[in-house]
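By convention in this document, chain letters (A, B, ...) are assigned in the order of the sequence lines, proteins followed by strands, and residues within each chain are numbered from 1. From a predicted model like this one, the values you see are computed outputs, not experimental measurements.
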Amino acid sequence: MLLSMKAIDKSFSGVRVLNAASLEVEPGEVMALVGQNGAGKSTMIKILTGAYSRDAGSVTFQGREVHFSSTADSQSAGIATIYQEINLAPNRTVAENIFLAREPRTAFGLVDRRKMRAEARAVLKRFNLDIDVERPLENFGAATRQMVAIARGVTQNAKLVIMDEATSSLDEREVAVLFETVRTLKRDGVATIFISHRLDELYAICDRVTVMRDGRTVAVSAMKDIKKLELVRTMLGKELTAFTAAQRNREEADGATLVEAKNLSAGVRVRDVSLAIGKGEIAGLAGLLGSGRTETARLIYAADRRDGGTLSVGGRQTAYAQPADAIADGIGFVSEDRKVEGIVPEMSVRENLTLAILPRLQKSGIVDRARQQEIVERYIKALGVKCASPEQPIRELSGGNQQKVLLARWLCMNPRLLIVDEPTRGIDVGAKAEILKLLRGLADEGLSVLMISSELEELIAAADHVTVLSDGRSVARIPAAELSEERLMVAMAHQDGEAA
Amino acid sequence: VTGGLALADLPPLPAKDKYKVGFAQTESNNPWRIAQTKSMQDEAGKLGYQLVYTDAAGSAAKQVADVNSMIAQGVDLIFLAPREEKPLIPAVMAAKKAGIPVILLDRNVDQALAKAGEDYVTFIGSDFVDEGKRIAEWLVKNNGGKTKIIQLEGTTGSSPANDRKKGFDEAINAAGGFTLLASQSGDFARDKGRQVAEALLQAHPDADVIYAHNDEMAMGAIAALEAAGKKPGTDVIVLSIDGGKEAVQAVVDGKINAVVECNPRFGPKAFETMAKYAKGEKIDAWVKNDDKFYDPSNAAAELANAY
Amino acid sequence: MTTLDTTTPAQTPAKRSSLIWISRYGTLVAFLALIAFNMAVTPNFLSWQTLNVNLTQVATIVIVAVGMTLVIATGGIDLSVGSLMAISGALAPMIFLGTIYPIPSPALAVTLAFIVPVVVAGALGWFNGFLITRWSIQPIVATLVLFIAGRGIAQVMTNGNLQVFRNDAFQFIALGRVFGIPTQVIIMAVVVALAAFVIRRTGFGRQIIAVGGNEKAARLSGIPAVRVKRLVYVVSGALAGIAGLVVVARNSASDANLVGLGMELDAIAAVAVGGTLLTGGRAYVLGTLLGACVIQLVRYTLLANGVPDAAALVVKAGLIVAAVFIQQRAERG
Amino acid sequence: MTTYLSFLGPLAPRSTIALARLGVIAALIALIVFGALRYDNFLSSYNALSFLRYNSMFALIALGMALVIMTGGIDLSVGGTAAMASVVAAIFSPYHWAAGLAGGLAAGLVVGIINGVVITRLKIQPFIATLAAMLAAYGTGLLLAGNQSVSVSYDSGFTEIGQGDFLGFPIPAWIALAFYIAGWIALERHPVGRRVLAIGDGEATAKLMGLKVEKTLMGVYITSGLCAGMAGVILAAQFGAGQPTEGVGWELFAIASVVVGGTLLTGGVGSIGATLAGALLLAMVFNILNFENGLGWISLSAYWQSVIRGLFLLAVVILQAKIAGARANG
Ligand SMILES: Nc1ncnc2c1ncn2[C@@H]1O[C@H](COP(=O)(O)OP(=O)(O)OP(=O)(O)O)[C@@H](O)[C@H]1O
Ligand SMILES: Nc1ncnc2c1ncn2[C@@H]1O[C@H](COP(=O)(O)OP(=O)(O)OP(=O)(O)O)[C@@H](O)[C@H]1O
Ligand SMILES: [Mg+2]
Ligand SMILES: [Mg+2]
């Protein structure tokens with residue numbers, strides 16, 4: 001037994017989030033850890049690594065009872081962790097981030113910068129990532145940052161690598177590379193704890209699975225002995241009725257175009273993007289990492305300034321100066337990085353949820369608390385946000401629940417167009433299906449949605465048509481009828497082939 | 001130019017029509033300093049001299065740097081109002097080494113380390129210890145049975161605060177019969193002086209003498225007394241140092257009982273001394289300012305002359 | 001609207017709001033401890049006059065510190081408050097004494113003497129906000145500009161000279177009483193109440209907190225971050241202006257060299273002791289009031305007990321750390 | 001091999017900070033040229049050397065401040081610490097010059113340790129912790145000094161530390177230079193520098209990455225204390241006295257230097273060399289103002305001087321912001 005966590009209890013200000021939870025990992029095995037949003041997976045991990053202290057229970061690692069008081073301790077004991085919220089230093093370079101706290105040294109004890117650079121490059125090459133390792137990390141998007149975090153994790157010569165939703169912002173090719181790495185680690189006898197809400201991934205890579213529910217460990221099983229449906233049932237504690245919920249209800253849009261973007265461009269990342277979204281349509285936006293999807297969405301939302309191109313919404317040419325204008329025009333935007341661009345951590349769930357509709361909640365400047373309360377309660381219930389109370393600071397919520405609150409922030413304003421950038425990132429299967437179903441339902445009522453997702457499966461299931469970007473250009477528009485993974489992959493790789 | 005024996009080591013000052021002189025002021029955050037600076041500038045203007053003026057903003061170290069920049073600019077003579085006794089020694093020595101005579105204004109430097117007539121020309125000014133002593137002596141004579149004292153000190157660590165306290169305390173102790181209820185810093189400022197006086201009067205309602213190290217704090221103390229429902233000058237004796245117009249007026253009004261003058265108008269005497277030195281006359285080691293003393297007996301008459 | 005099956009019912013609501021209250025109790029505990037100490041030790045402590053002295057002395061700090069609380073809540077800081085006090089304090093007498101331009105009607109002169117300085121101070125506050133938002137200059141440096149130059153401006157305006165005056169109408173702001181309560185104390189109370197209300201109940205208050213908590217997210221949620229920031233600096237500037245008026249009125253004299261000197265540190269300390277994080281995203285106006293009272297009481301205690309200045313500095317340092325520590329402990333529960 | 005990020009190549013300069021550094025150095029050179037053209041004797045060795053001698057103290061505290069700010073903290077206690085250290089150094093100076101030196105450094109060390117402990121153990125925000133330390137340091141200095149300046153010994157050789165020369169350059173300048181070289185190596189070449197900056201990027205994150213955050217913070221505040229202590233020793237040695245009331249406003253000077261040097265007050269980004277340039281630049285303004293007065297055309301009052309200093313600071317930070325902005329949009 002490499003790791004054994006037994007009867008772990010943990011409460012946060014009186015609310016119990018772990019209740020006699022346990023987790024065991026054998027050397028060299030890949031252990032899946034699953035559960036609904038807020039089940040306690042991340043908390044379990046943080047207790048293991050010493051980021052949190054436990055209230056009760058024991059942790060045995062490599063046969064010895066351990067009591068890590070800081071992540072530095074667990075790291076030096078041989079546990080490498082890739083946390084759910086990417087935790088890296090944005091102003092440091094990529095190379096520094098990979099080697100922070102264990103830099104290669106020269107004979108004088110100084111940093112061996114050349115070696116660090118070379119090694120960083122080599123590691124990233126393994127992930128097909130050919131980036132300038134001397135640039136500050138903040139210059140890169142969520143996916144790249146995630147890859148860097150992974151690179152940092154797997155190069156630590158650890159006995160145990162923990163990946164808390166490391167794949168949530170990766171596309172399939174990157175996931176494949178990651179799995180290759182995990183297999184290599186496995187061959188070297190390194191164990192992995194793999195947390196993910198994408199169940200297919202679990203079947204692809206994991207040996208066993210531990211299921212948590214409401215702070216308890218409810219099942220441990222070999223991966224091959226548990227069917228997907230049963231796994232879901234164990235996680236949710238009930239049947240999942242709406243697993244394939246996002247069925248298209250209409251075969252084609254009714255013709256009225258809501259958004260028409262033509263030849264958008266900005267900087268080097270968006271060069272020439274055109275797309276159109278009909279009223280009541282869910283439009284997908286697909287592309288490889290770095291193809292400019294997020295940037296395009298931000299241009300439409302006026303979060304960034306565009307250099308060229310035209311945008312019309314509802315038949316009128318628009319020139320929003322800032323997001324507030326877009327919002328006033330009925331556009332909502334769920335950004336891909338909830339920690340940096342989404343939540344206001346110290347504010348309560350209530351405040352976070354109603355942030356975008358503040359102007360509407362005011363009567364002569366004063367917030368109408370009763371209405372606010374009512375809206376908040378409705379959406380907490382509708383999306384199944386798990387929180388102690390609406391007054392709980394949002395930072396205390398689990399990642400998936402934070403994501404739900406952010407979705408609610410936009411749904412409650414009844415937008416005409418909702419832009420969602422990786423909307424189901426970090427959301428459990430149950431909730432994901434329900435969110436997709438919800439979006440579809442809203443679309444049927446007339447909402448237009450622009451959905452960016454790295455999960456092709458999800459796009460295929462939900463979108464009425466998908467616009468494919470490559471290298472900052474829109475290269476294809478695929479109607480629902482023709483959507484398939486192969487078709488998308490081919491389109492996405494379009495210019496890639498030329499560049500290589 | 002030949003001087004007396006005492007001048008042997010001093011750099012000479014050639015006789016010229018126009019000079020470029022430096023004036024290294026300590027700070028300019030109170031009326032007294034402002035009056036001093038103005039007096040120096042006016043006099044220089046009158047004589048048609050060029051005055052290089054620096055302000056050390058209350059830092060002895062910066063003042064040394066200021067003097068150094070004057071030396072670099074090659075002034076003929078430096079008037080220095082030293083912020084402190086000891087830390088300004090390097091400035092005096094640097095000027096001497098550079099062949100530039102220095103005249104000290106209003107505060108002296110440590111006599112163990114630099115000597116008037118050897119290292120610098122002379123010191124023009126009053127004696128802070130003596131000021132404290134003079135006001136104490138007045139109190140001893142005229143206290144009318146009032147003996148419980150609150151002292152508002154100047155900025156902690158500054159030499160006028162230290163000296164005015166020293167002179168006063170020594171004289172009061174020597175006389176006997178007085179109690180110093182409290183002695184706290186009011187930073188030479190009216191607002192702070194008032195706040196401190198308010199608090200001290202509250203803690204010591206029996207106090208019947210307030211001695212402030214400068215006019216500003218005395219005015220603050222008067223405001224505090226009035227707020228506490230006491231009559232300044234009658235219920236409580238108020239004493240001050242500096243003797244600016246406002247304070248002398250307060251003496252006339254009966255709100256301050258006595259004030260020792262510490263005249264900031266150095267200009268005429270400073271440049272006069274400089275002229276004498278240029279002529280090679282022998283200068284005393286200490287050119288004393290003769291400061292007035294205002295009390296009800298002369299305040300009305302002298303009011304017009306107060307600075 | 002499509003509704004969903006809720007997966008998990010929300011857990012038992014914890015008493016969140018009471019937790020926030022406890023965090024304020026931390027400062028309160030420190031405050032009460034000081035009062036108890038004084039009752040035991042300081043002569044003549046329990047009297048109306050003591051209360052009066054302390055309240056009038058703390059009023060200006062509180063007025064400034066409330067503005068500082070808002071600024072800090074947006075993640076900024078305002079070092080220029082002391083200098084703005086000096087400018088406002090220099091301007092007012094110049095107006096009613098007719099130094100700038102003789103105004104025949106005394107009533108008009110006094111009215112202008114109230115309005116103009118506060119507006120000027122607010123405008124300079126806007127300038128701070130402008131620097132910060134237009135060029136993304138860090139607040140501590142942007143306001144350092146006026147910290148240095150502002151006092152210089154006040155000194156240049158008055159040539160450094162003291163302005164002494166007697167003007168009952170103007171000085172009502174500091175010497176007057178309404179129902180027996182000193183005017184400045186009333187101003188303080190109104191400012192505190194207003195700010196507390198704005199923070200808790202108004203949209204603007206929420207915007208301040210959101211901008212301080214996560215500016216990017218706030219902007220993406222349609223909050224005009226730039227405008228919010230500029231506005232809080234205007235408020236901070238204007239409040240500093242009011243405080244400047246109170247100080248000069250109280251002293252019957254305006255000294256551009258000294259009015260508001262060191263105020264920024266007092267105000268920031270009050271904010272911190274009151275439990276507002278200097279990193280932004282939170283604002284406890286009542287906490288700030290208590291924090292200022294704690295600091296004032298510490299000062300009073302040391303003075304009244306004759307602790308020598310040098311030693312008082314050390315004690316004050318210890319007490320500030322202790323107060324903040326208690327405050328934080330209470331908060332962590 | 002796919003190179004789907006290759007289009008990111010052409011973005012020229014590595015970072016905003018590099019440009020800010022250029023900005024401050026350009027401003028410094030411009031100011032020197034301005035002074036040399038406008039004033040006689042501005043470039044005289046007398047002026048240059050006394051400038052360096054005096055401003056080495058400020059350079060030192062700016063160095064400590066820079067490190068602290070890079071972690072996202074702030075140290076308001078530097079002025080008070082320097083004042084107290086000068087008193088301690090003066091008190092010990094009669095025994096041996098080294099005793100004075102050690103005494104001053106020890107005083108700085110103590111304040112640094114206290115700051116570190118209060119910040120990392122009691123978890124009190126740096127602004128408040130060091131504000132309190134500033135008060136306490138002044139108080140202690142005044143108590144030790146009995147409210148007045150304390151003479152140093154002129155016999156033990158202690159004054160050489162402040163007044164002496166070595167190879168034609170003032171010893172304080174050599175000391176500051178040595179500190180800066182050490183600081184540069186630590187920050188740019190030693191692993192500890194990466195740690196300092198990573199903490200500034202986000203303390204919680206740094207902790208999760210397994211950095212010994214508290215230890216590093218401790219070290220940084222101690223370093224700042226030592227720098228202030230060294231400045232205090234120079235203060236005592238150069239002016240022949242321990243001065244308990246000196247140092248007022250030094251912290252703001254240091255903060256301004258650091259920021260002008262392109263270090264972000266939010267932490268995570270910074271440069272040692274540019275901090276030095278920033279300190280020299282701001283100090284140069286004082287020097288220029290003194291010379292301007294000497295021209296006698298307009299005798300600038302102290303009041304105008306502060307207005308001009310404020311405007312100068314404004315110009316420099318706007319210049320830097322513009323450079324940074326141009327880069328961000330380009
Ligand atoms: N610092 C905290 N303070 C208070 N409550 C917390 C804190 N951290 C986590 N929680 C609560 O603990 C519960 C478990 O959270 P955790 O992050 O472990 O969930 P998770 O299983 O990782 O969920 P997800 O799949 O959404 O990431 C949640 O209800 C969350 O609100
Ligand atoms: N300033 C920058 N300098 C260098 N690279 C950058 C910069 N900004 C973004 N990038 C990279 O360019 C890519 C394009 O970002 P964008 O978010 O537009 O694309 P995306 O298709 O949405 O990718 P993602 O999958 O990361 O969301 C990002 O992945 C990021 O790595
Ligand atoms: Mg989680
Ligand atoms: Mg993206």
Side-chain angles (χ1 to χ4, degrees), chain C residues 72 75 77 79-80 83 127 131 134-142 144-160 256-257 262 264-266 268-269 271-273 277-279 308-325 327-329 332, chain D residues 69 72 74 76-77 80 114 118 122-129 131-147 244 248-249 252 255-256 258-260 264-266 301-322 324-325 328:
Chain C
I72 286 177
I77 202 153
L79 294 184
S80 73
S83 298
F127 175 74
L131 289 183
R134 173 67 182 78
W135 280 297
S136 322
I137 297 174
Q138 307 174 60
I140 205 172
V141 188
L144 186 61
V145 169
L146 269 181
F147 170 88
I148 298 171
R151 187 167 297 281
I153 292 170
Q155 289 164 326
V156 167
M157 273 167 23
T158 57
N159 214 351
N257 308 298
E264 60 289 341
L265 291 185
D266 278 347
I268 294 167
V271 174
V273 173
L277 284 180
L278 294 186
T279 41
D309 268 287
L313 285 172
V314 181
V315 177
K316 193 171 161 189
L319 286 174
I320 287 179
V321 170
V324 175
F325 182 68
Q327 202 296 130
Q328 292 184 350
R329 268 330 261 274
R332 268 179 239 140
Chain D
I69 286 179
I74 200 152
L76 299 182
S77 70
I114 292 176
V118 171
L122 302 188
K123 308 267 179 242
I124 288 179
Q125 317 180 46
F127 197 102
I128 296 302
L131 175 63
M134 167 176 93
L135 298 178
Y138 273 122
T140 311
L142 284 166
L143 286 174
L144 291 174
N147 282 356
V248 178
L252 292 177
I255 292 169
V258 170
V259 171
V260 165
L264 289 183
L265 277 169
T266 39
S301 75
Y303 312 139
W304 276 113
Q305 293 200 12
S306 38
V307 176
I308 289 173
R309 276 196 306 127
L311 292 179
F312 181 80
L313 181 62
L314 180 66
V316 173
V317 290
I318 290 182
L319 179 78
Q320 291 217 355
K322 288 215 141 167

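- Highest contact tally toward chain C, considering only D:Leu131, D:Ile255, D:Ile74, is held by D:Leu131 [criterion: heavy-atom pairs under 4.5 Å].
- Considering only heavy-atom pairs separated by less than 4.5 Å from chain C, the leading option among D:Gly310, D:Gly139, D:Ala132 is D:Gly139.
- Of the possible polar contacts, none joining the D:Gln125 side chain to the C:Ala272 backbone as a donor-acceptor pair under 3.5 Å is found.
- Proximity to chain D (any heavy atom under 4.5 Å) is restricted, for C:Leu79, to the side chain, taken from C-beta onward.
- For C:Leu265, the parts lying under 4.5 angstrom from a heavy atom of chain D are both the backbone and the side chain.
- Pairing each heavy atom of C:Ile268 with each of D:Phe127, the nearest pair is CG2-CE2, 3.3 Å.
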List the steps and the verdict of side-chain contact (heavy atoms from CB on, under 4.5 Å) for D:Val317 and C:Leu131. CA-CA 10 Å; D:Val317 290; C:Leu131 289 183; over 6 Å; no
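- Top candidate by heavy-atom pairs under 4.5 Å with chain D, chosen from C:Ala269, C:Ala154, C:Gly152, is C:Gly152.
- Residues satisfying the side-chain contact (heavy atoms from CB on, under 4.5 Å) criterion with C:Ala310, sequence neighbours excluded, are D:Leu142, D:Leu143, D:Asn147.
- With values rounded to the nearest 0.5 angstrom, C:Trp135 atom CH2 is found 4.0 Å from D:Ile318 atom CD1.
- The distance from the CD1 atom of D:Ile308 to the CD1 atom of C:Ile148 is 12.5 Å, given to the nearest 0.5 Å.
- For C:Ser80, the side-chain contact (heavy atoms from CB on, under 4.5 Å) partners are C:Asp78, C:Leu84, C:Asn128, C:Thr143, C:Leu146, not counting sequence neighbours.
- When each of C:Ala256, C:Gly160, C:Ala312 is scored by its heavy-atom pairs under 4.5 Å with chain D, the top score falls to C:Gly160.
- Proximity to chain D is absent for every atom of C:Asp309, based on heavy atoms less than 4.5 angstrom apart.
- In this structure, the portions of D:Leu252 lying under 4.5 Å from any heavy atom of chain C include both its backbone and its side chain.
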Apply side-chain contact (heavy atoms from CB on, under 4.5 Å) to the pair D:Leu313 and C:Phe147, showing each step before the final yes or no. CA-CA 11 Å; D:Leu313 181 62; C:Phe147 170 88; over 6 Å; no
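- For the options C:Ile320, C:Leu278, C:Val321, C:Val141, heavy-atom pairs under 4.5 Å to chain D are most numerous at C:Leu278.
- Of all heavy-atom pairs between C:Val314 and D:Ala136, the closest is CG2-O, 3.7 Å.
- Between D:Ala256 and C:Leu144, the shortest heavy-atom contact is CB-CD2, 3.7 Å.
- Closest of all the heavy-atom pairs between D:Val307 and C:Ile153 is CG2-N, 3.6 Å.
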